[in-house]
Number of protein chains: 2
Amino acid sequence: MENLQHDRPRLAEALRRGELFSAECPSRDILKHITSRWGLLVLVALLDGTHRFSELRRKIGGVSEKMLAQTLQWLEDDGFVDRVSYPVVPPHVEYSLTSLGQEVARQVESLADWIELNLGRVLRARRVQ
Amino acid sequence: MENLQHDRPRLAEALRRGELFSAECPSRDILKHITSRWGLLVLVALLDGTHRFSELRRKIGGVSEKMLAQTLQWLEDDGFVDRVSYPVVPPHVEYSLTSLGQEVARQVESLADWIELNLGRVLRARRVQ
DNA sequence: GTAAGTACGTACAAAAAGGTAAGTATGGAA
DNA sequence: TTCCATACTTACCTTTTTGTACGTACTTAC
């Protein structure tokens with residue numbers, strides 16, 4: 001030990017607030033994963049509870065297996081999704097939200113809800129179809 | 001007039017709730033514009049009030065003129081953004097949120113806020129840097 | 001015996017998104 | 001007088017994203 005400072009998370013990092021408006025801020029990457037084509041939908045789907053890979057695939061209309069796998073990995077790497085794999089054949093894997101994931105998912109869900117609820121108004125407000 | 005039905009917005013359309021989980025639902029397009037790379041940032045920026053094109057460009061780090069223009073058109077077409085152009089040279093154009101736009105922008109802002117506030121936690125929860 | 005389901009990874013190709021640079025008309029600053 | 005700022009648009013090119021199809025290893029249903 002060189003000095004008496006202990007290794008609790010440095011305040012600077014712990015308290016640093018992200019700045020989405022600046023191009024280099026790492027918060028941009030988080031945003032990218034959440035707002036990726038399938039990211040938001042996966043988060044909302046998982047708010048309903050644990051799902052198997054194929055359940056998610058059927059629930060989210062239009063996803064390919066490849067992109068679902070990719071999206072789940074991003075969200076897992078960001079600490080939003082928990083993956084549990086059972087060593088059986090045929091494969092059995094369960095996905096669920098971490099507590100961090102539940103927090104984002106709730107934000108994301110309220111956006112999704114707004115869109116679903118107000119679709120009619122938006123379509124009528126549109127200039128272009 | 002063929003019959004006595006008047007042309008108020010049909011209830012079916014007015015009350016129809018979007019379904020983001022189904023691939024063909026038009027709500028998917030709205031979502032796409034809002035969660036496009038710059039869409040969310042533009043909405044949040046405009047919550048601070050009216051901005052000129054170049055002000056937005058400077059505020060949102062990393063946008064190109066092309067993509068900012070594109071994004072603003074999507075949001076305008078969806079009825080979220082209002083564009084006012086003054087016939088002067090050099091050009092002067094002002095962008096602001098419609099009332100519909102303010103509603104979405106508020107949802108979007110709470111997501112953005114969450115990300116900025118919790119960046120530290122997310123970075124520490126990450127498996128991959 | 002054959003087909004389907006499971007949870008992916010991978011190679012290849014297509015599509016979409018994004019960036020760069022240039023052009024426009026004009027006023028004001030240096 | 002030359003340069004910059006304004007709010008875009010367009011052409012062209014690169015990068016990223018997404019999709020398709022196939023392979024896997026084994027079980028269960030038909």
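Lettering follows sequence order; numbering is per chain, from 1. Just so it is clear, the model here is predicted, and its values are computed rather than measured.
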Between [X] and [Y], does at least one N-O distance fall below 4.0 Å, as a salt bridge requires?
X: B:Glu65; Y: B:Arg57; answer: yes
X: B:Glu103; Y: A:Arg121; answer: yes
X: B:Asp78; Y: B:Lys32; answer: no

Non-neighbouring partners of B:Trp74 that pass ring pair (Phe, Tyr, Trp, His ring centres under 6.0 Å), sequence neighbours left out: B:His33
Under the ring pair (Phe, Tyr, Trp, His ring centres under 6.0 Å) test, residues paired with A:His51 that sit two or more places apart: none
Return the value, rounded to whole Å, for the distance between atom [atom1] of [X] and atom [atom2] of [N].
X: B:Arg58; N: D:dA7; atom1: CZ; atom2: P; answer: 8 Å
X: B:His92; N: C:dT26; atom1: NE2; atom2: C1'; answer: 16 Å
X: A:Glu76; N: C:dA7; atom1: CD; atom2: P; answer: 15 Å
X: A:Glu55; N: C:dA7; atom1: CD; atom2: C1'; answer: 13 Å
X: A:Leu56; N: C:dC8; atom1: CG; atom2: C1'; answer: 14 Å
X: B:Met67; N: C:dT20; atom1: CE; atom2: P; answer: 12 Å
X: B:Lys59; N: D:dA7; atom1: NZ; atom2: P; answer: 15 Å

Within the distance-only criterion (no hydrogens, no angle test), does the side chain of A:Glu55 pair as donor or acceptor with the backbone N or O of A:Arg52 below 3.5 angstrom? yes
Closest nucleotide of DNA chain D for A:Trp74 versus for A:Pro90: which of these residues is on the 5' side? A:Trp74
Is there a side-chain contact between B:Ser64 and the phosphate of C:dG19, meaning an N or O under 4.0 Å from OP1 or OP2? yes
Short side-chain N/O contact to C:dA7 OP1/OP2 from A:Arg52, under 4.0 Å: yes
Please give the nucleotide sitting opposite D:dC30 as a Watson-Crick or G-U wobble pair, both distances under 3.5 Å, or none. C:dG1
Students often get this wrong, so: under 4.0 angstrom with heavy atoms, is A:Arg57 touching a base, only sugar-phosphate, or nothing? nothing
Touch class at under 4.0 angstrom, heavy-atom based, for A:Arg37 against every strand present: sugar-phosphate
What ring pair (Phe, Tyr, Trp, His ring centres under 6.0 Å) pairs are there with at least one residue in residues 76-113 of chain B, not counting sequence neighbours? B:Tyr86-B:His92
Which residues, if any, of residues 39-47 of chain B bring a heavy atom under 4.0 Å of DNA chain D? none
Pairs under 3.5 angstrom, nitrogen or oxygen only, protein versus nucleotides 8-13 of chain D, please.
| from | atom 1 | to | atom 2 | distance (Å) |
| --- | --- | --- | --- | --- |
| D:dC8 | OP1 | B:Arg83 | NH1 | 2.3 |
| D:dC8 | OP2 | B:Tyr95 | OH | 2.5 |
| D:dC8 | N4 | B:Glu65 | OE1 | 2.3 |
| D:dT9 | OP1 | B:Gln73 | NE2 | 3.2 |
| D:dT9 | OP2 | B:Gln73 | NE2 | 3.2 |

What verdict does the salt bridge (Lys or Arg N to Asp or Glu O under 4.0 Å) test give for B:Arg17 and A:Asp113, after you've listed the backbone C-alpha separation in whole Å, the side-chain angles of each residue and the deciding distance to 0.1 Å? CA-CA 9 Å; B:Arg17 189 188 161 114; A:Asp113 268 351; 2.9 Å; yes
List, by chain and number, the other hydrophobic cluster members for A:Val89, where Ile, Leu, Val, Met, Phe, Trp and Tyr join if side-chain heavy atoms come within less than 4.5 Å, directly or indirectly. none
